[in-house]
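Below is one structure, written out as structure tokens; comments come after it.
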Amino acid sequence: NRIYVILSGTAYFLYPDKEIKLIPGNLYLFPHRLPFRVRQDESDPVNHLYFDFVITPPFLGDSLIEIPLASDSLIDHTVQCLLMTMDQPQGERMRLIKGYFESLVRLILIKNENLQWEESRLSEAFRCIHEEYNRTLTDADLANLMHLEKNYFIRMFKKTVGLTPYQYLREYRLNRAV
């Protein structure tokens with residue numbers, strides 16, 4: 001997942017068949033499986049704040065989410081707080097960024113009630129991965145849990161999440177270790 005806040009400059013998000021201009025003063029959320037491709041105008045370089053992050057389960061969606069930052073909104077105030085933390089000493093900065101970033105994600109979820117965290121049909125597989133990640137889990141185990149044929153389950157999982165169940169489990173374990 002990636003959050004971009006365009007402060008100034010000109011950039012475009014590249015869909016396969018069109019370009020969308022990223023507007024200064026807006027926040028953009030790129031869900032997990034949306035390919036991230038941006039082109040910036042060399043004559044008007046982009047100044048931005050961005051976060052690449054892993055959230056489990058991931059935000060799902062096939063389209064860019066755009067949120068205008070109104071000066072009186074909680075999202076805008078949280079973004080402004082994130083910008084101000086960049087001047088803080090390293091140790092304090094990371095603690096502040098973590099808190100403000102968690103608040104920003106919660107506010108984005110409140111504003112976008114239709115933003116999905118997970119495919120409901122896969123909720124039991126996510127639960128199993130998140131609770132039992134430290135034991136041996138195979139694609140067949142997860143498919144059996146879902147009462148699905150293994151290859152169908154793998155295709156459904158990959159179509160929804162953008163990763164195979166094994167890749168997701170490995171990524172989840174690495175993030176837990178970090």
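Residues: numbered from 1 along the sequence shown. Since the model is a prediction, treat every value here as computed from it, not as a measurement.
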Practice problem: Indicate, with yes or no, if Leu122 and Tyr166 share a hydrophobic cluster defined by side-chain heavy-atom contacts under 4.5 Å among Ile, Leu, Val, Met, Phe, Trp and Tyr. | Solution: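 Shared cluster, no.
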Quiz item: So if you build clusters from Ile, Leu, Val, Met, Phe, Trp, Tyr with side-chain heavy-atom gaps below 4.5 Å, do Met84 and Leu27 land together?
Solution: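 Each belongs to a different hydrophobic cluster.
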Quiz prompt | Arg176 versus Tyr133, side-chain donor and acceptor atoms under 3.5 Å | solution =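 The criterion, which ignores hydrogens and geometry beyond distance, is satisfied for Arg176 and Tyr133.
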Exercise. Identify the residue among Val46, Leu14, Leu22 that makes a side-chain contact (heavy atoms from CB on, under 4.5 Å) with Val38.
Key: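 The residue from Val46, Leu14, Leu22 that satisfies side-chain contact (heavy atoms from CB on, under 4.5 Å) with Val38 turns out to be Leu22.
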Exercise. Please determine which of Val5, Leu107, Leu7 meets the side-chain contact (heavy atoms from CB on, under 4.5 Å) test together with Val79.
Key: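 In the set Val5, Leu107, Leu7, the residue that makes a side-chain contact (heavy atoms from CB on, under 4.5 Å) with Val79 is Val5.
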Quiz item: Do any pairs count as a side-chain hydrogen bond (donor to acceptor under 3.5 Å, both in side chains) and have a residue in residues 3-18, sequence neighbours left out, and if so which ones?
Solution: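 Checked against side-chain hydrogen bond (donor to acceptor under 3.5 Å, both in side chains) - neighbours excluded - the pairs reaching residues 3-18 are Thr10-Asp44.
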Exercise. Test side-chain contact (heavy atoms from CB on, under 4.5 Å) on Ile65 and Phe30 and set out the steps.
Key: CA-CA 7 Å; Ile65 295 171; Phe30 296 83; over 6 Å; no
Measuring from atom [atom1] of [X] to atom [atom2] of [Y], what distance do you get when rounded to the nearest 0.5 angstrom?
X      : Y      : atom1 : atom2 : answer
Lys150 : Thr138 : NZ    : OG1   : 7.5 Å
Thr78  : Arg106 : OG1   : CZ    : 11.0 Å
Leu104 : Asp76  : CG    : CG    : 10.5 Å
Thr85  : Lys98  : OG1   : NZ    : 14.0 Å
Gln80  : Ile75  : CD    : CD1   : 12.5 Å
Ile3   : Leu29  : CD1   : CG    : 5.5 Å

Quick check: does any side chain N or O of [X] sit under 3.5 Å from a backbone N or O of [Y], one acting as donor and the other as acceptor?
X      : Y      : result
Arg2   : Asp52  : no
Glu132 : Arg135 : no
Asp141 : Leu137 : no

Self-check item: Shortest non-hydrogen contact between Leu145 and Cys128, atoms and distance
Solution: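 Leu145 and Cys128 have their closest heavy atoms at CD2-CB, 3.5 Å.
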Quiz item: At their closest point, which heavy atom of Pro24 faces which heavy atom of Gly9, and how far apart are they?
Solution: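 Closest approach of Pro24 to Gly9: CG-O, 3.5 Å.
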Exercise. Taking side chain to side chain donor-acceptor pair (under 3.5 Å) as the test, write out the residues that go with Arg39, two or more places apart.
Key: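 Listed in chain order: Glu19.
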Are [X] and [Y] side-chain neighbours, meaning at least one heavy-atom pair lies under 4.5 Å?
X      : Y      : value
Asn26  : Leu69  : no
Lys158 : Leu163 : no
Met86  : Ile97  : yes
Tyr152 : Met156 : yes

Quiz prompt | Proximity of Phe13 and Tyr28 rings by center, below 6.0 Å | solution =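 Centroid distance Phe13-Tyr28: not below 6.0 Å, so no.
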Quiz prompt | Tyr100: ring pair (Phe, Tyr, Trp, His ring centres under 6.0 Å) partners, not counting sequence neighbours | solution =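 Result, ring pair (Phe, Tyr, Trp, His ring centres under 6.0 Å) vs Tyr100: none returned.
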Self-check item: Stepwise side-chain contact (heavy atoms from CB on, under 4.5 Å) test for Asn144 and Phe153
Solution: CA-CA 9 Å; Asn144 287 337; Phe153 169 71; over 6 Å; no
Practice problem: Let me see the working for Leu142 and Met146 under side-chain contact (heavy atoms from CB on, under 4.5 Å), right down to the final yes or no. | Solution: CA-CA 6 Å; Leu142 293 169; Met146 302 292 298; 5.6 Å; no
Quiz item: Taking the six-membered ring for Trp, are Tyr168 and His130 parallel (under 30°), tilted (30 to 60°) or perpendicular (over 60°)?
Solution: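 Geometry flag for His130 against Tyr168: tilted rings.
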Exercise. Please assess Phe126 against Phe157 for the test ring pair (Phe, Tyr, Trp, His ring centres under 6.0 Å), listing each intermediate value before the final yes or no.
Key: CA-CA 10 Å; Phe126 280 122; Phe157 196 97; 5.6 Å; yes
